[in-house]
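Here's the structure, in structure tokens; my notes come after.
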There are 2 protein chains.
Amino acid sequence: MKDSNAKSLNTSITKAFHLLDHFNSIKPEWGVRELAKETGANKSTTYRMLATLESLGVLRKDQTSEKYSLGLKLFELGNRVPVKHAFINHTHPVLQLVAAEITETVHLGILKDQQVFMLDKVESPKGLKLNSVIGTFSPAYCSGLGKVLLAHLDPLQQKKTLHAIALKANTEFTITKKAKLKKQLEQIKNQAYAIDRQELELGLICVAVPVYNQDDHVIAALSAAGPAIRFKEEKIEEYVAILQKGANMIRQKIGSLTL
Amino acid sequence: MKDSNAKSLNTSITKAFHLLDHFNSIKPEWGVRELAKETGANKSTTYRMLATLESLGVLRKDQTSEKYSLGLKLFELGNRVPVKHAFINHTHPVLQLVAAEITETVHLGILKDQQVFMLDKVESPKGLKLNSVIGTFSPAYCSGLGKVLLAHLDPLQQKKTLHAIALKANTEFTITKKAKLKKQLEQIKNQAYAIDRQELELGLICVAVPVYNQDDHVIAALSAAGPAIRFKEEKIEEYVAILQKGANMIRQKIGSLTL
DNA sequence: AATTGTCGTTTCAATAATTGAAACACTGTT
DNA sequence: AACAGTGTTTCAATTATTGAAACGACAATT
């Protein structure tokens, strides 16, 4: 049973984090009036909340422009989140090894609210970079990471998830039929890896494998992604092997951790 | 009788972040009653705030233990803090190079509220690790990073800072006389590097250099730290050269950025 | 020089949310 | 069966939040 019966949540705290959500890479700086306009909140309220958050170091205010941006307190708290110490700090060296061996960008992600949450990334040593950002969400049905994670959900949750998501076509290659997706997820579970051939972005190919813990639960997924031009079909088998080696190293390091 | 000088700050938001501050590496998990007891707040209030923060993903609640810990929302927001994209993402590869060359643990820090704030760290490939944690504060007067940063403050701010801090002896080598510290800071500014010989922790030695931006302002400091046993006196000159090379690489990458 | 348009900030009475002691429900222990 | 420890909910008293409007400060325009 979900909390359909709304508990008595603190409105100020909810509003404050709603404000913080608007500070992103697209618009990292906000003034009082523009943020109030964007959120639909009253400008007095917005002003006082921003002032409060600034006094806590959660926001910082530029001296000259008088605009706010996210502050060091959030960096501090973000680094204290257990997943950082318990997981990412251990997996990052593995990602580096895999990235060095495949010479493509490597990602580590988990499934969260029916989307892929990007936990870590090591960029390709080569020129072409991807615009993925750690700590962001992306759709699950059209990425290698997402399809691997969906494929290894237990049947009930997978059914729920597939029912809940909408398959929007990002490119001409995106899977938009649920029957087709479900069939492919079965195949992915059997072959133990997923391929995304330009389903999310044209020209972007990605291979992903599941990451198991020592209780044999899939707790994350590991992928290598690169431009279609140099991501040759005949190399995929080799990439999968390297990724699986990496996933095994992670498994050894993390024990029976769950996320 | 509140702070008559202070602006009217939102109490709920302030309380919420005060709660979050108690989730640290020493005690990452809290139940309702114990946290209420620790903070002195009412347990009903604490319960409702924790429930609110959980609903936002700021906290997560363990299913079995019913205890709260910091959640993915903070990881997400922490990764959006501008210093991450504008600075750390560029400096991290440099830290890796320096760490590989010196084969000791490398730190990047800034001065914040008269303390050193740890922005990034790359661990030594060797066995002995340090217990420093990214996103935490440490005293400035007894570390290499701190002394370099203090040394390059403009005279007025340096005077203010020296006046404000208390020189507590962490070891027998800690500088506890302000006159002596001030004299050493002058020397550090002249020689362009600082050495911490077991001033913060017995057996720990560290060398630090300033990081300039292209406007020739010191915006951070870079250090290498390791156990006294292998941190030979005759190698320090070599370490300083490697660190300065790293600092210069950072300077080239970041332009006229200020923090 | 006056005007208009921004911006952040403050005021103050009306309103709505927070508060906390006590009671409740639940679990495991004595 | 009684106890001690959780988390959770209740409800009237209290307090903080709210937002339209006014304010002051600055910049560009008339």
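A note on names: the letters A, B, ... follow the listed sequences, proteins ahead of strands, and every chain is numbered from 1.
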Can you pull out every salt bridge (charged side-chain N to carboxylate O under 4.0 Å, His left out) where at least one residue sits in [range]? Sequence neighbours excluded, please.
range                       : answer
residues 161-170 of chain B : none
residues 148-164 of chain A : none
residues 107-121 of chain A : A:K121-A:E123

May I ask you to list the residues of residues 59-68 of chain A, by number, that have any heavy atom positioned under 4.0 Å from an atom of DNA chain C?
-> A:K61, A:E66, A:Y68
Qualifying residues under salt bridge (charged side-chain N to carboxylate O under 4.0 Å, His left out), relative to B:D216, sequence neighbours excluded = B:R251
List for me each residue that meets salt bridge (charged side-chain N to carboxylate O under 4.0 Å, His left out) alongside B:E38, sequence neighbours excluded, and say none if there are none.
-> none
State which residues pass side chain to side chain contact (heavy atoms under 4.5 Å, CB included) with B:S138; sequence neighbours excluded, sorted by chain then number.
-> B:V116
To the nearest angstrom, how far is A:L50 atom CG from C:dC7 atom P?
-> 14 Å
Length of the CD-P vector between B:E34 and D:dT8, whole Å = 13 Å
Under 4.0 Å between a Lys/Arg side-chain N and an Asp/Glu carboxylate O for A:E76 and A:K73?
-> yes
Is A:Y47 near enough to C:dT9 that one of its side-chain N or O atoms lies under 4.0 angstrom from OP1 or OP2?
-> yes
In B/S/- notation (B base, S sugar-phosphate only, - none; protein heavy atoms under 4.0 Å), nucleotides 18-30 of chain C written 5' to 3' is SBBBB--------
Counterpart residues, side-chain hydrogen bond (donor to acceptor under 3.5 Å, both in side chains), relative to A:K67 (two or more places apart) | A:E34
